[in-house]
Amino acid sequence: DNLNFEGLSPKAVELIEQKLKSVASFNSLRPSIQEISEDLLSNGYSYHQKEFELHGDANEIFSLYTSVSPSEIWSGPHNLFCFLFSREDQKFLTLNDQLPCIREGMQLFNIVDFLGPKFLFGMEIIKIDYDSLRIEFAYLEGNISSGIQVLQFIQDGEQTIISHHSYYKSESNFRDQFIYPIFHDHVINEYHYRMEEFYNLSDRNIRYCSPY
């Protein structure tokens with residue numbers, strides 16, 4: 001397929017094309033972790049946890065998190081959505097397409113950019129639980145890091161607490177202890193602060209995903 005990457009930098013397009021050529025089958029790509037387990041920490045995974053707070057109903061906020069287009073959620077400057085692969089539809093879609101809402105089994109590929117160094121990473125949505133208000137996504141095999149992230153939405157009076165849990169591991173202990181936490185903190189701050197901006201917009205004039 002001819003994918004439209006208009007709007008991305010030449011370096012970003014180069015990284016995407018390298019990824020597309022290097023993967024024989026996106027169907028065969030698997031999450032590096034399938035689920036949260038008690039032995040992650042004993043198996044060398046590092047842990048990062050941070051809480052964000054919004055004034056409002058947890059169900060409404062959860063609905064917003066699962067209905068805004070990925071191209072709006074991750075629109076930079078540090079974390080930029082590039083394309084997705086849908087196992088269900090067997091389709092590649094880019095930031096210039098009408099994108100479906102996130103769903104289990106969907107693979108998302110983003111560029112992380114911090115003052116020059118750029119790298120492409122992939123993650124898969126492995127769980128969206130509308131009853132317990134929980135989203136889980138894992139890094140795909142072949143990334144620099146393996147790991148899983150969990151977003152839990154908790155009603156606390158008139159406030160909603162969004163608890164963001166991250167388990168991660170690479171081949172470098174130095175990277176895991178000193179580099180990853182700094183960049184990861186910037187990336188998740190950007191993500192949650194953008195969702196807060198969307199939630200507080202009176203006209204909600206934002207790009208939503210397609211339900212189908």
Side-chain angles (χ1 to χ4, degrees), residues 1-35 61-113 118-131 133-151 166 168 187-188 190-192 194-195 198 204-212:
D1 295 339
N2 293 319
L3 301 178
N4 180 7
F5 295 115
E6 183 179 351
L8 295 178
S9 69
K11 180 61 177 178
V13 174
E14 179 185 346
L15 290 172
I16 294 167
E17 290 177 344
Q18 289 174 0
K19 185 68 174 181
L20 292 172
K21 291 176 182 177
S22 67
V23 177
S25 169
F26 280 81
N27 269 323
S28 66
L29 284 179
R30 290 291 175 259
S32 56
I33 295 177
Q34 297 288 344
E35 60 183 3
I61 293 169
F62 181 86
S63 177
L64 179 70
Y65 268 71
T66 55
S67 62
V68 175
S69 171
S71 62
E72 285 273 20
I73 298 172
W74 296 292
S75 57
H78 297 309
N79 192 7
L80 181 65
F81 170 80
C82 296
F83 72 97
L84 65 80
F85 174 71
S86 171
R87 294 185 191 276
E88 184 177 339
D89 303 324
Q90 294 293 294
K91 286 183 178 179
F92 290 95
L93 297 171
T94 76
L95 72 165
N96 296 301
D97 295 313
Q98 175 63 47
L99 299 173
C101 298
I102 61 170
R103 53 181 181 250
E104 293 177 7
M106 178 180 288
Q107 298 174 1
L108 302 158
F109 295 84
N110 290 12
I111 291 277
V112 171
D113 180 0
K118 297 180 177 67
F119 64 89
L120 181 74
F121 74 96
M123 55 188 173
E124 180 168 324
I125 308 296
I126 59 175
K127 185 175 185 179
I128 303 177
D129 192 323
Y130 293 91
D131 294 322
L133 305 183
R134 183 181 177 97
I135 302 171
E136 298 181 10
F137 47 95
Y139 295 132
L140 290 166
E141 293 177 341
N143 281 345
I144 295 175
S145 297
S146 63
I148 187 170
Q149 299 185 44
V150 178
L151 277 61
S166 305
Y168 57 92
V187 166
I188 67 171
E190 184 176 270
Y191 169 54
H192 290 289
R194 177 160 289 119
M195 296 307 294
F198 291 155
R204 294 287 174 88
N205 184 27
I206 56 180
R207 187 179 183 186
Y208 287 93
C209 58
S210 169
Y212 304 104

(message) C82 vs K19, test: side-chain contact (heavy atoms from CB on, under 4.5 Å). Steps then yes/no.
(response) CA-CA 12 Å; C82 296; K19 185 68 174 181; over 6 Å; no

(message) Going by the rule side chain to side chain contact (heavy atoms under 4.5 Å, CB included), which residues pair with S28 if we only count those two or more places apart in sequence or in a different chain?
(response) S25

(request) Show the numbers, then the answer: is there a side-chain contact (heavy atoms from CB on, under 4.5 Å) between E124 and L29? (result) CA-CA 9 Å; E124 180 168 324; L29 284 179; 6.0 Å; no

(message) If we check side chain to side chain contact (heavy atoms under 4.5 Å, CB included) with F109, which of these qualifies: I16, L84, L140, L15?
(response) L140

(request) Scan Q149, Q107, K127 and name whichever one has a side chain to side chain contact (heavy atoms under 4.5 Å, CB included) with F137. (result) Q149

What residues form a side-chain hydrogen bond (donor to acceptor under 3.5 Å, both in side chains) with [X], not counting sequence neighbours?
X    : answer
S75  : R194
S166 : H184
E14  : Q18
E136 : R134

Roughly how far apart are [X] [atom1] and [Y] [atom2], rounded to 0.5 Å?
X    : Y    : atom1 : atom2 : result
I188 : N79  : CD1   : CG    : 11.0 Å
L108 : W74  : CG    : CH2   : 5.0 Å
M106 : M123 : CE    : CE    : 11.0 Å
L8   : F83  : CG    : CZ    : 11.0 Å
L120 : L20  : CG    : CG    : 8.5 Å
F62  : I128 : CZ    : CD1   : 6.5 Å

(message) Please determine whether side-chain contact (heavy atoms from CB on, under 4.5 Å) holds for the pair I148 and I126, giving the CA-CA distance in whole Å, both sets of side-chain angles, and the decisive distance to 0.1 Å.
(response) CA-CA 9 Å; I148 187 170; I126 59 175; 3.4 Å; yes

(message) Can you confirm whether more than 12 heavy atoms, excluding those of E35, are under 6.0 Å from its CD atom?
(response) no

Considering only heavy atoms from C-beta outward, does the side chain of [X] approach that of [Y] to under 4.5 Å?
X    : Y    : value
F121 : I144 : no
K11  : I111 : no
T66  : I135 : yes

(request) Measure up the F85 and F26 rings against each other and bin them: parallel (under 30°), tilted (30 to 60°), perpendicular (over 60°). (result) tilted

[X] side chain to [Y] backbone, donor-acceptor under 3.5 Å:
X    : Y   : value
T94  : L3  : no
N96  : N4  : yes
E190 : H78 : yes
D97  : L99 : no

(request) For G147 and S32, work out which heavy atoms get closest and say how close. (result) N-OG, 3.0 Å

(request) List the atom of R87, the atom of N27, and the distance in Å for their closest heavy-atom pair. (result) NH1-O, 2.7 Å

(message) Would you say the ring centers of Y65 and Y191 fall short of 6.0 Å from each other?
(response) yes

(request) Applying salt bridge (charged side-chain N to carboxylate O under 4.0 Å, His left out), name anything that partners E88, two or more places apart in sequence or on another chain. (result) R103

